[in-house]
Amino acid sequence: MPDHLVLYNTLTRKAEAFRPRDPRRITFYTCGPTVYDDAHIGNFRSFLAADVLRRFLESPLCRLVDDDGGPALQAGSRTVLHVMNITDVGHMTDDDAADGAGEDKMAAATRRLSEAKKSGKLPPGAGDIDPTDQHAIARFYEARFLEDARRLGLRVAIDAQRDPTLMPRATGAVPGMIAIIERLIARGHAYAVGPAGRQTVYFSVPSFPAYGSLSGNTLDALRAGQGGRVQESHQAEKKHPADFLLWKSDPTHAMRWASPWGEGYPGWHIECTAMAAARLCGPDDGRNEPASPLTPAALGALEVADVRPMIDLHSGGEDNIFPHHECEIAQSCGAFNATPADAAPARGMFAAHWFHPRFLMVEGAKMSKSKGNFFTPRDLFAKGHEPAAVRLELIKTHYRSNANFTEQGLKDSARMVERWRRVIEQGAGATRADGSGKAARAEAQQAFADAMHDDLNIAGAIGAINAWVGSLDAPTPEDAALLRAFDGVVGVLALERPAAASTDIGLFIPPAEPNPEVTALLERRRDARAAKDFAAADQIRDQLASMGYAIKDAPGGKVEVRKA
RNA sequence: GGCCGGAUGCCAGAGUGGACUAAUGGAGCGGAUUGCAAAUCCGUUAUUCGUGGGUUCGAAUCCCACUCCGGCCUCCA
């Protein structure tokens with residue numbers, strides 16, 4: 001059991017002590033959503049895993065060691081500068097992707113929304129947007145993403161309300177991307193092909209010998225082309241089959257910008273290099289203070305003098321390992337590291353620690369729209385599941401295992417949250433604060449920290465919480481405080497609870513819907529019970545059950561009504 | 001074909017050489033409580049850890065083979 005944070009690193013394929021360059025300012029970049037549709041629970045599992053990591057790094061319960069193995073700064077002075085981008089430039093949907101042809105995702109979204117508009121099936125709130133305006137569509141889905149993210153307690157999305165530079169948009173970063181591409185060309189890591197004003201720019205993969213370090217996909221392995229997606233016909237203008245797109249000139253593209261190579265749009269990978277470097281490699285301006293990311297000119301001149309990584313942590317879904325993160329490393333090191341290209345293997349690989357949560361399964365199967373097991377958080381909220389239960393269900397499995405999202409698991413999670421809430425409520429209301437239970441708290445805190453230090457064993461940490469909570473007979477204010485400290489990492493107790501709609505007799509639990517028919521039945525049942533006519537009372541309860549309502553007598557004569 | 005990550009009880013999910021006759025939550029069952037329920041509390045439910053070999057005094061944990069599941073091999077969290 002490590003007494004400090006040990007985290008699996010995709011780059012080294014080992015669990016390693018996490019040692020930030022500067023614990024006072026840990027730099028963390030997460031590849032964010034593409035806003036051409038609503039993000040689903042699988043997307044959110046990955047974002048929430050990164051959020052749990054970030055919260056643990058910020059927690060006083062987390063201990064880091066420095067290079068000599070001694071304790072690094074403990075919480076208080078330790079902060080995490082966490083950036084997550086919004087990809088609002090379309091990228092390719094099909095096999096022609098690497099060559100910049102084909103329909104892009106934003107274009108696909110315009111087509112989808114246009115069709116939806118014709119058939120009257122637009123998502124709520126989308127009625128006013130022009131389905132052919134890609135920027136408007138991106139803003140629309142971005143707003144929905146941020147709403148879901150905040151309801152699920154994604155701290156970076158909450159912080160971005162204060163400091164929008166923490167969640168940069170790709171469309172706002174194009175000048176920086178252009179500056180980096182120019183730099184890559186100047187350094188021999190990229191080349192432009194085609195007639196002047198209509199050029200395509202590729203990254204030269206052979207110019208970066210360390211390519212493949214992250215994914216294990218060496219150039220030799222790639223040459224085998226077993227994925228079947230690299231098409232020979234599109235390889236003609238590239239110098240090497242693995243070279244990837246940095247800029248595509250296309251004056252007909254819906255989203256396009258002026259560039260030295262012609263009007264067009266950037267490749268997918270370059271945006272993360274630009275946004276991560278601009279916000280995380282800039283001057284130390286403190287965490288959530290509004291800051292000016294590096295200007296394009298500064299990005300074009302940024303030089304990382306040593307072979308150390310530029311940022312501490314980088315996360316994304318496991319599918320991002322290749323090609324996206326492999327390409328990010330090549331571009332970023334090629335553009336910013338001072339070391340000559342032929343010394344590339346010694347470079348810092350852009351980020352020191354690469355964090356990749358695995359995919360989410362739903363009811364034991366791969367999530368897909370055709371199987372009907374494809375959910376977005378807002379789908380679940382609309383069905384009456386509260387954000388805290390959804391969050392807990394999405395984070396409670398170790399991030400490097402395929403988690404299985406189930407309806408039953410969602411119910412389990414909801415009950416667990418309710419149990420924890422009782423501890424907070426009873427503890428906060430208790431007058432006794434005599435220091436009792438101190439040993440049990442110390443033990444629970446140790447067990448929780450041990451589990452989290454061990455590559456974020458969240459299930460073990462939750463087990464530690466439950467074992468301790470189960471041992472409490474009368475929670476004290478100190479107990480409530482400790483549970484809040486745990487929840488600083490788990491992040492469910494501070495989330496909004498759906499307000500129960502209250503009538504004189506009923507407390508309607510999921511969303512507010514004081515059904516008058518139900519209320520009338522509750523009143524008849526109350527009268528029957530008062531008259532000790534229990535047969536009639538039970539018959540009404542059965543009737544409510546057949547209507548899909550579970551009822552529970554609460555103190556004070558009210559009845560909690562839960563829609564199944 | 002190559003490279004990764006997995007497989008634990010009815011379900012979810014910890015545990016990675018000895019205190020494991022396997023944490024924790026749910027579910028089931030029995031009891032307390034309740035008019036009856038719900039919630040809560042107490043007790044209980046795997047001689048067993050995908051399959052077959054091996055190493056070891058000792059294996060869920062290490063090694064080998066196999067089966068199955070998931071990811072990547074230029075759309076994807």
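Order of the sequence lines sets the chain letters (A, B, ...), proteins ahead of strands, with each chain counted from 1.
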Participant: Residues two or more places apart in sequence or in another chain: which of them pass side chain to side chain contact (heavy atoms under 4.5 Å, CB included) with A:Arg421?
Facilitator: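 Listed in chain order: A:Glu386, A:Ala388, A:Val417, A:Glu418, A:Glu425, A:Leu493, A:Arg497.
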Participant: Got a sec, which residues hit side chain to side chain donor-acceptor pair (under 3.5 Å) with A:Tyr8, two or more places apart in sequence or on another chain?
Facilitator: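 If we apply the side chain to side chain donor-acceptor pair (under 3.5 Å) test to A:Tyr8, skipping adjacent residues, there are no hits.
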Participant: Provide, to the nearest angstrom, the distance between the CG atom belonging to A:Asn457 and the P atom belonging to B:rU8.
Facilitator: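 Spelled out: CG on A:Asn457 to P on B:rU8 is 16 Å.
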Participant: Looking at residues at least two apart in the chain, or sitting in another chain, which of them share a salt bridge (charged side-chain N to carboxylate O under 4.0 Å, His left out) with A:Arg524?
Facilitator: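 Per chain and number, A:Arg524 pairs via salt bridge (charged side-chain N to carboxylate O under 4.0 Å, His left out) with no residue.
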Participant: Can you list the residues that meet the side chain to side chain contact (heavy atoms under 4.5 Å, CB included) rule with A:Asp412, with sequence neighbours excluded?
Facilitator: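 Only A:Lys396, A:Gln408 meet the side chain to side chain contact (heavy atoms under 4.5 Å, CB included) criterion with A:Asp412.
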Participant: Salt bridge (charged side-chain N to carboxylate O under 4.0 Å, His left out) with A:Asp487: which residues, sequence neighbours excluded?
Facilitator: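 A:Asp487: no salt bridge (charged side-chain N to carboxylate O under 4.0 Å, His left out) contacts found.
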Participant: Return the set of residues passing side chain to side chain contact (heavy atoms under 4.5 Å, CB included) with A:Ala15 (not counting sequence neighbours), or none when no residue passes.
Facilitator: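 For A:Ala15 the side chain to side chain contact (heavy atoms under 4.5 Å, CB included) partners, ignoring immediate neighbours, are A:Val6.
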Participant: Measure all distances between protein nitrogen or oxygen atoms and nitrogen or oxygen atoms of nucleotides 23-27 of chain B, and list the pairs falling under 3.5 Å.
Facilitator:
{"residue": "B:rU24", "atom": "O2'", "partner": "A:Asn466", "partner atom": "ND2", "Å": "2.9"}
{"residue": "B:rG25", "atom": "OP1", "partner": "A:Arg419", "partner atom": "NH2", "Å": "3.3"}
{"residue": "B:rG25", "atom": "N2", "partner": "A:Asp412", "partner atom": "OD2", "Å": "3.2"}
{"residue": "B:rG26", "atom": "O2'", "partner": "A:Gln408", "partner atom": "OE1", "Å": "3.0"}
{"residue": "B:rG26", "atom": "O2'", "partner": "A:Asp412", "partner atom": "OD1", "Å": "2.3"}
{"residue": "B:rA27", "atom": "OP1", "partner": "A:Arg415", "partner atom": "NH1", "Å": "3.1"}

Participant: Tell me, please, which residues at least two apart from A:Arg151 pass side chain to side chain contact (heavy atoms under 4.5 Å, CB included).
Facilitator: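 Partners of A:Arg151 under the side chain to side chain contact (heavy atoms under 4.5 Å, CB included) test: A:Phe381, A:Pro387, A:Glu496.
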Participant: Would you tabulate the nitrogen or oxygen pairs shorter than 3.5 Å linking the protein to nucleotides 34-36 of chain B?
Facilitator:
{"residue": "B:rG35", "atom": "O6", "partner": "A:Arg529", "partner atom": "NE", "Å": "3.0"}
{"residue": "B:rG35", "atom": "N1", "partner": "A:Asp538", "partner atom": "OD1", "Å": "3.0"}
{"residue": "B:rG35", "atom": "N2", "partner": "A:Asp538", "partner atom": "OD1", "Å": "3.0"}
{"residue": "B:rG35", "atom": "N2", "partner": "A:Asp538", "partner atom": "OD2", "Å": "2.5"}
{"residue": "B:rC36", "atom": "O2", "partner": "A:Asp538", "partner atom": "OD1", "Å": "3.4"}
{"residue": "B:rC36", "atom": "O2", "partner": "A:Arg541", "partner atom": "NH1", "Å": "2.9"}
{"residue": "B:rC36", "atom": "O2", "partner": "A:Arg541", "partner atom": "NH2", "Å": "2.2"}
{"residue": "B:rC36", "atom": "N3", "partner": "A:Arg541", "partner atom": "NH1", "Å": "3.1"}

Participant: Reading RNA chain B 5' to 3', what string of ( ), [ ], | and . shows its pairs, if Watson-Crick and G-U wobble pairs count only when both distances fall under 3.5 Å?
Facilitator: ((((((((.[[[..)..(.....]]]((((((.......))))))....[[[[[..)....]]]]])))))))....
Participant: Hey, can you pull the residues of residues 7-15 of chain A with a non-hydrogen atom under 4.0 angstrom from RNA chain B?
Facilitator: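 The answer is A:Tyr8.
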Participant: Sequence neighbours left out, cut at 3.5 Å: what donor-acceptor pairs do the side chains of residues 529-537 of chain A make with other protein atoms?
Facilitator:
{"residue": "A:Arg529", "atom": "NH1", "partner": "A:Asp553", "partner atom": "OD1", "Å": "3.4"}
{"residue": "A:Arg529", "atom": "NH1", "partner": "A:Asp553", "partner atom": "OD2", "Å": "3.3"}
{"residue": "A:Asp533", "atom": "OD1", "partner": "A:Ala536", "partner atom": "N", "Å": "3.3"}

Participant: Rounded off to whole Å, could you give me the CG-to-C1' distance for the A:Leu214 and B:rU74 pair?
Facilitator: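 Rounding to the nearest Å, CG of A:Leu214 and C1' of B:rU74 are 15 Å apart.
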